[in-house]
Amino acid sequence: TSNHAVYPYYMDDVEGDRPMSSIDLVVTFRDDSMRKMTLVDYLSIPPPRTLQLQAVKTLLAEQYGLDPDDIKGIDFYNGLFQRFQ
């Protein structure tokens, strides 16, 4: 069996009723510097979002004027698990 739900509405990007979202990230650059950054429109990245590194790098680059090749790593948990390393 499959669960195909039918909804009486849809999200229209043109009308502007698409939900917006943001996420706080810790970004590591090639020079090993780290910076906390907020990625806007996080839901526009297809799931599973934590595995879409190139899409996240591209979106960060667009929002902050960065070169995506300068981004070495992305911590999607905003440093939450650093204390366990």
Side-chain angles (χ1 to χ4, degrees):
T1 65
S2 63
N3 295 327
H4 292 287
V6 177
Y7 298 101
Y9 57 85
Y10 67 98
M11 298 295 178
D12 187 346
D13 291 344
V14 176
E15 292 294 321
D17 58 358
R18 183 173 58 105
M20 293 295 289
S21 61
S22 64
I23 185 173
D24 293 326
L25 307 169
V26 176
V27 179
T28 304
F29 295 92
R30 285 191 301 177
D31 66 0
D32 289 325
S33 64
M34 297 172 78
R35 182 173 156 196
K36 287 190 176 191
M37 306 177 90
T38 299
L39 179 66
V40 179
D41 202 15
Y42 179 64
L43 291 178
S44 70
I45 298 167
R49 292 174 185 90
T50 57
L51 299 180
Q52 305 292 339
L53 294 179
Q54 194 56 49
V56 173
K57 286 181 180 183
T58 300
L59 199 52
L60 280 170
E62 290 172 3
Q63 292 176 12
Y64 287 92
L66 302 170
D67 180 349
D69 293 331
D70 288 340
I71 299 172
K72 179 179 172 182
I74 300 169
D75 178 356
F76 287 89
Y77 302 100
N78 195 19
L80 179 67
F81 298 110
Q82 284 183 347
R83 64 180 173 214
F84 300 113
Q85 293 181 356

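Scope of the values below: all heavy atoms of this structure, side chains included, with no hydrogens, waters or symmetry mates.
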Taking all heavy atoms of [X] and all of [Y], pick out the closest pair and write down the distance.
X	Y	answer
Leu59	Ser44	CD2-OG, 3.9 Å
Val26	Lys36	CG2-CG, 4.0 Å
Met37	Val27	SD-CG2, 3.5 Å

Can you run down the salt bridge (charged side-chain N to carboxylate O under 4.0 Å, His left out) pairs that involve residues 20-34, sequence neighbours left out, and say none if there aren't any?
Arg30-Asp70, Asp32-Lys72

Residue pairs involving residues 57-68 (criterion salt bridge (charged side-chain N to carboxylate O under 4.0 Å, His left out); sequence neighbours excluded)
none

Which pairs count as ring-ring contact (aromatic ring centres under 6.0 Å, His included) when at least one residue sits in residues 26-64, sequence neighbours excluded?
none

Go through the structure and list residues passing side-chain contact (heavy atoms from CB on, under 4.5 Å) with Pro48, not counting sequence neighbours.
Leu51, Gln52

Quick one: side-chain contact (heavy atoms from CB on, under 4.5 Å) partners of Ser22, sequence neighbours excluded?
Thr38

Side-chain heavy-atom pair Leu60, Ile74 within 4.5 angstrom cut-off
yes

Tyr77: what forms a ring-ring contact (aromatic ring centres under 6.0 Å, His included) with it, not counting sequence neighbours?
Phe81

If we check side-chain contact (heavy atoms from CB on, under 4.5 Å) with Val56, which of these qualifies: Leu25, Thr50, Ile71, Ile23?
Leu25

